[in-house]
Amino acid sequence: MTKKPWGGRFAKETDASVEAFTASVHFDRRLAPFDIDGSIAHCRMLARQNIISAADADKIVRGLRAIGREIANGTFPFRPEYEDIHMNIERRLIEKIGTVGGKLHTARSRNDQVALDTRLYLRHEIDTVDNLLRDLMLALVRKARDEVDVIMPGFTHLQIAQPVPFAHHLLAYCEMFARDRERLSDCARRVNRMPLGSGALSGTSFEIDRRYVAEALGFQAVTQNSMDAVSDRDYLIEFLAAASLIMMHLSRFCEELILWTSEPFSFVEIGDAYCTGSSIMPQKKNPDVPELIRGKTGRVYGHLMALLTTLKGLPLAYNRDLQEDKEPLFDAVDTLKGSLTVFTGMLQGLTVRAEQMEAVAAKGFSTATDFADYLVRKGLPFRRAHEVTGAVVRFCIESGRDLPTVRLDEFQGFHPDIDEDVYEVIDPRRSVSARNIPGGTAPSRVRRRLREMERSLTRPSREKRTAKPKGR
Ligand code: ARG
């Protein structure tokens with residue numbers, strides 16, 4: 001049995017089942033590079049403050065860098081008996097450089113250390129997710145530009161409602177993902193506070209320099225209450241909430257793609273590289289990718305709920321329950337990144353069946369509202385216009401016809417003021433162009449929004465969140 005770093009006050013060894021039960025190194029090893037960055041900054045600070053000697057600090061930093069290389073090239077011996085990544089690295093350091101390695105943990109606890117590592121990790125991943133969202137939005141903008149003249153049926157209640165430009169539909173998702181990016185950047189502001197120095201819960205009696213560590217690691221500020229800092233996981237919950245919204249948006253889009261690729265719709269075709277076949281039905285080409293993204297959405301919601309529930313009954317300050325924050329976080333990050341990446345690829349290879357979309361857009365009396373608006377312009381109150389239009393639609397349904405096939409004399413039977421110009425009004429393309437207001441479907445409005453979106457996406461970002469940590 002290996003001696004525990006905390007073994008001093010124990011007379012008996014840990015039961016093997018407890019060792020296995022409490023260990024987290026098989027998942028928190030993911031924090032290793034951040035743990036090393038944090039330790040190097042802490043160690044440099046200890047030397048600057050004359051808490052340890054400069055020579056000792058150099059040895060420790062060299063040792064930590066060597067460990068970083070071991071981890072990167074896969075030769076680091078991860079040992080579950082040392083519980084977590086923090087103690088694994090510390091033990092290895094002492095193994096490599098001797099007892100001087102034991103000075104690293106001066107003025108620090110694993111409680112503030114793990115909070116630091118998780119914040120560094122999440123800050124990094126938020127940047128990655130943000131970039132993936134940007135790539136996805138750019139792909140949407142490009143697809144919208146390629147198909148900018150295509151008209152499709154817009155739906156409410158999944159019934160044909162009014163014609164809309166396909167580009168407008170794609171841009172609706174751009175708006176959602178733009179809000180998602182705002183949420184991530186807001187969350188990142190609160191992630192970006194430096195907790196080290198909070199110790200186990202009450203700070204430390206050593207004269208440390210928290211600002212120096214914060215600056216070295218690119219943090220915007222230090223946390224202000226040691227008890228809060230070691231037990232706060234709000235930033236993870238905020239991230240999981242933002243991640244849930246992103247997945248929800250992806251899932252809605254996936255649901256539409258699944259509908260659109262089915263035979264009765266046939267609006268789009270997903271590229272072969274992003275579809276799978278059936279083991280029994282040779283003709284099948286299934287939209288498994290959007291189905292899986294839709295399915296994985298529930299998983300991310302679950303992680304949000306899991307963490308909220310873990311936190312709800314915890315007294316201050318640190319409790320071991322908090323170790324349960326990592327697997328949900330890591331899985332949410334992986335699921336989100338995987339879904340975004342594959343979705344963008346799928347979108348780029350999407351074939352749009354413009355004629356089919358436009359044919360359906362002309363069906364289902366999609367321009368009935370335009371017809372009613374036409375009557376309003378002739379002087380009818382809207383309610384009366386609605387009634388007359390309803391009667392025309394019923395007449396069409398009963399005689400198995402569509403609005404454009406109604407003859408002028410037939411129209412005039414419903415209202416004498418109807419003229420030849422009615423046929424322009426009930427044309428889907430005219431209907432789309434007529435909605436020339438901000439946020440509307442007119443081609444000039446859609447093109448303008450497209451340009452604005454593209455500009456906002458290709459503009460270099462103002463703030464750089466992840467400053468490169470010093471001293472690596
Ligand atoms: N592995 C622990 C976690 O993830 C690190 C902190 C442990 N602290 C403690 N006092 N047991 O939360």
Side-chain angles (χ1 to χ4, degrees), residues 129 132-180 243-278 281 283-301 335-361 363-364 366 441 446 450 453:
V129 172
L132 290 173
L133 276 171
R134 183 179 164 275
D135 292 347
L136 168 52
M137 290 173 71
L138 271 175
L140 281 167
V141 162
R142 292 198 177 123
K143 185 60 72 184
R145 173 146 304 144
D146 290 348
E147 312 288 350
V148 74
D149 292 322
V150 176
I151 306 262
M152 69 178 294
F155 297 88
T156 62
H157 315 271
L158 206 58
Q159 310 289 315
I160 294 173
Q162 289 169 351
V164 294
F166 177 61
H168 196 59
H169 196 116
L170 294 185
L171 281 170
Y173 282 97
C174 273
E175 301 289 344
M176 297 176 222
F177 294 128
R179 292 195 295 275
D180 288 331
S244 295
L245 282 165
I246 299 170
M247 290 302 295
M248 182 269 282
H249 293 149
L250 284 177
S251 185
R252 291 183 75 169
F253 206 155
C254 285
E255 170 69 12
E256 296 197 314
L257 288 178
I258 294 161
L259 286 171
W260 293 354
T261 53
S262 86
E263 185 66 34
F265 276 85
S266 296
F267 284 0
V268 296
E269 201 179 319
I270 298 176
D272 281 1
Y274 285 84
C275 283
T276 48
S278 157
M281 298 168 283
Q283 85 283 11
K284 293 278 279 191
K285 178 173 163 183
N286 294 329
D288 291 34
V289 168
E291 285 171 345
L292 271 170
I293 294 174
R294 192 176 58 182
K296 286 173 191 288
T297 301
R299 182 168 163 155
V300 175
Y301 292 2
T335 306
L336 188 55
K337 291 199 296 187
S339 300
L340 284 167
T341 305
V342 78
F343 189 94
T344 302
M346 175 172 65
L347 186 76
Q348 284 160 341
L350 202 69
T351 311
V352 177
R353 302 259 171 262
E355 331 74 69
Q356 168 68 357
M357 280 192 184
E358 289 181 6
V360 179
K363 284 190 194 155
S366 65
T441 56
V446 173
L450 212 47
M453 249 332 153

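Counting from 1, the numbers follow the sequence of the chain as shown. Atoms considered below: every heavy atom in the structure, side chains included; atoms not considered: hydrogens, waters and symmetry mates. All values reported here derive from a predicted model rather than from experimental measurement.
- Across all non-hydrogen atoms, the minimal contact from Ser366 to Pro163 is O-CD, 3.3 Å.
- Taking the side-chain hydrogen bond (donor to acceptor under 3.5 Å, both in side chains) definition, one finds that Gln356 meets it with nothing, sequence neighbours left out.
- The nearest pair of heavy atoms linking Pro290 to Ile270 is CG-CD1, 4.0 Å.
- For Asp288, the side-chain hydrogen bond (donor to acceptor under 3.5 Å, both in side chains) partners are Thr276, not counting sequence neighbours.
- Partners of Glu269 by salt bridge (charged side-chain N to carboxylate O under 4.0 Å, His left out), not counting sequence neighbours, listed by chain and number: Lys285, Arg353.
- With values rounded to the nearest 0.5 angstrom, Glu175 atom CD is found 12.0 Å from Leu170 atom CG.
- Taking 4.5 Å as the limit, some side-chain heavy atom of Val342 sits within range of a side-chain heavy atom of Ile293.
- Considering every non-hydrogen atom in both Lys143 and Leu347, the closest pair reads CE-O, 3.2 Å.
- With rounding to the nearest 0.5 angstrom, the CD1 atom of Ile160 is 5.5 Å from the CZ atom of Phe155.
- Across all their heavy atoms, Ala361 and Pro153 have their closest contact at CB-N, 3.6 Å.
- Every residue meeting the side-chain contact (heavy atoms from CB on, under 4.5 Å) condition with Thr335, not counting sequence neighbours, appears here in chain and number order: Met247, Lys296, Arg299, Val300, Asp331, Ser339.
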**Study point:** side-chain contact (heavy atoms from CB on, under 4.5 Å) between Val268 and Thr351, worked out
**Key:** CA-CA 5 Å; Val268 296; Thr351 311; over 6 Å; no
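- The closest side-chain heavy-atom distance from Arg294 to Ile258 is below 4.5 Å.
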Check your understanding: Could you go step by step and tell me if Ile151 and Phe166 meet the side-chain contact (heavy atoms from CB on, under 4.5 Å) rule?
Key -> CA-CA 6 Å; Ile151 306 262; Phe166 177 61; over 6 Å; no
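- Here the rule is side chain to side chain contact (heavy atoms under 4.5 Å, CB included) with Met176, and of His249, Met248, Met137 only His249 fits it.
- A distance of 6.0 Å separates CG in Leu158 from CG in Leu259, rounded to the nearest 0.5 Å.
- In this structure, the salt bridge (charged side-chain N to carboxylate O under 4.0 Å, His left out) partners of Arg145, at least two apart in sequence or on a different chain, are Glu454.
- Listed by chain and number, the residues in a side-chain hydrogen bond (donor to acceptor under 3.5 Å, both in side chains) with Lys337 are Glu125 (sequence neighbours excluded).
- Around atom CD of Gln283, more than 12 heavy atoms belonging to other residues, nucleotides or ligands sit under 6.0 Å away.
- Considering only residues two or more places apart in sequence or on other chains, Glu358 meets the side-chain hydrogen bond (donor to acceptor under 3.5 Å, both in side chains) condition with Arg429.
- Taking the six-membered ring where tryptophan is involved, the planes of Trp260 and Phe267 are tilted, since the angle between them lies from 30° to 60°.
- Judged as a salt bridge (charged side-chain N to carboxylate O under 4.0 Å, His left out), and not counting sequence neighbours, Asp146 has no contacts.
- For the atom pair OG (Ser244) and CG (Asp180), the distance works out to 10.5 Å, reported to the nearest 0.5 Å.
- With sequence neighbours excluded, the residues that form a side-chain contact (heavy atoms from CB on, under 4.5 Å) with Ser278 are Ile280, Met281, Lys284, Asn286.
- The side-chain heavy atoms of Thr297 and Leu250, taken from C-beta on, include no pair separated by under 4.5 Å.
- With values rounded to the nearest 0.5 angstrom, Leu350 atom CG is found 8.5 Å from Glu147 atom CD.
- Taking CG from Leu133 and SG from Cys174, the interatomic distance works out to 10.5 Å, rounded to the nearest 0.5 Å.
- Of all heavy-atom pairs spanning Leu336 and Val129, the tightest one is CD2-CG1, 3.8 Å.
- Annotation: side chain of Leu140 is not in contact with side chain of Met453 (no heavy-atom distance under 4.5 Å).
- Looking at residues two or more places apart in sequence or on another chain, you find a side-chain contact (heavy atoms from CB on, under 4.5 Å) between Thr341 and Leu132.
- In this structure the side chain of Pro287 never reaches within 4.5 angstrom of the side chain of Tyr274, judged on heavy atoms.
- Here Phe253 pairs with Tyr173, Phe343 under the ring-ring contact (aromatic ring centres under 6.0 Å, His included) rule; sequence neighbours left out.
- The shortest heavy-atom contact between Thr441 and Pro165 is O-CG, 3.3 Å.
- Listed by first then second residue, pairs satisfying side chain to side chain donor-acceptor pair (under 3.5 Å) with a partner in residues 157-168 read Gln162-Thr369, not counting sequence neighbours.
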